[in-house]
*Asks:* 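One structure is given below, represented as structure tokens, and several questions about it will come after.
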Amino acid sequence: MINKERQVLVVFPHPDDEAFGVSGTIATHVNNGTPVTYACLTLGEMGRNLGNPPFTNRENLPKIRRAELKEAARAIGIQDLRMLGYRDKTVEFEDDEKLANHMLEIINEVNPSLIITFYPGYSVHPDHDATGAAVIRAVEKLPPAARPTLHCVAFSNDCIEALGEADIINDVSAVSSKKIAAIKAHRSQTEAMMKTMEESFQKQDPQVLARVNFERFWTYKW
Ligand SMILES: [Zn+2]
């Protein structure tokens, strides 16, 4: 059961960060009539995957990833997609205060009741950790009573040991086809993996079913 929200704001650094972990949750909110804004910091232009044989070159990768991101957003019903223009793999080097203030500007404008981002320290990639940290710093600037709920995605090996079990587990099986469409939309990054993943999904492989049908979050505690 996913709580009805007034407005959701999703903040991640890379196109495709939304696809595996939260696209089912987003699609469910959209189905509930809740507007969803997705702020994506970079275009993932440093992505290592140029295909084998290569489907593109470094110069064209941002164009491709931008189109893929738009397609993924369409697949799950996001109306308000914002590409913030930061450089891939450099989010951690942005000025902390500036980045937090940019996040706060978006939060103040969008006025979300729920924000979804990465859990800093437990999200494996430095861009992920830096993005989550900036969002938390931004929300911290709001008076406690005005703070939206913060649901964080974590997937480092030690996340359960450190944070305990996720307190929010969303069953998104009703929108699994939309989620798979979102993952497939990022074909420059996911095509090879999706062939095996989709087969396993059709065969009801329990691990893959769990990965597609359930999304977990840790509510950030102030
Ligand atoms: Zn990422």
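Nothing fancy with the numbering, it's 1 onward along the sequence. Ligands are counted one by one from 1 in listed order, and the atoms in each one are counted from 1 as well.
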*Asks:* Is it true that a side-chain atom of Asn170 and a backbone atom of Val172 form a donor plus acceptor pair closer than 3.5 Å?
*Replies:*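 A pair under 3.5 Å: no.
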
*Asks:* If you look at His128, which of its N/O/S atoms is nearest to the Zn ion (ligand 1)?
*Replies:*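 Nearest to the Zn ion (ligand 1) within His128's N, O and S set: NE2.
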
*Asks:* By the definition side-chain contact (heavy atoms from CB on, under 4.5 Å), identify the one residue from Val153, Leu163, Asp129 that meets it with Tyr119.
*Replies:*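 Result: among Val153, Leu163, Asp129, Leu163 is the only option passing the side-chain contact (heavy atoms from CB on, under 4.5 Å) with Tyr119.
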
*Asks:* So that I can check it, does any N, O or S atom in His125 come closer than 2.8 Å to the Zn ion (ligand 1)?
*Replies:*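 Within the cut-off used here (under 2.8 Å), His125 places no N, O or S atom near the Zn ion (ligand 1).
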
*Asks:* Quickly, which of Asp88, Asp16, Asp17 forms a salt bridge (Lys or Arg N to Asp or Glu O under 4.0 Å) with Arg65? Name it, please.
*Replies:*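 Exactly one option meets the salt bridge (Lys or Arg N to Asp or Glu O under 4.0 Å) with Arg65, and it is Asp16.
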
*Asks:* Assess whether atom NZ of Lys89 is packed by more than 12 heavy atoms of other residues, nucleotides or ligands within 6.0 Å.
*Replies:*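 Counting neighbours around NZ of Lys89, more than 12 heavy atoms of other residues, nucleotides or ligands fall under 6.0 Å, so yes.
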
*Asks:* Using only N, O or S atoms, tell me which atom of His14 is closest to the Zn ion (ligand 1).
*Replies:*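 Looking at His14, the N, O or S atom with the least distance to the Zn ion (ligand 1) is ND1.
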
*Asks:* Answer yes or no for Asp17: is there an N/O/S atom below the 2.8 Å cut-off from the Zn ion (ligand 1)?
*Replies:*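 Yes, within the cut-off.
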
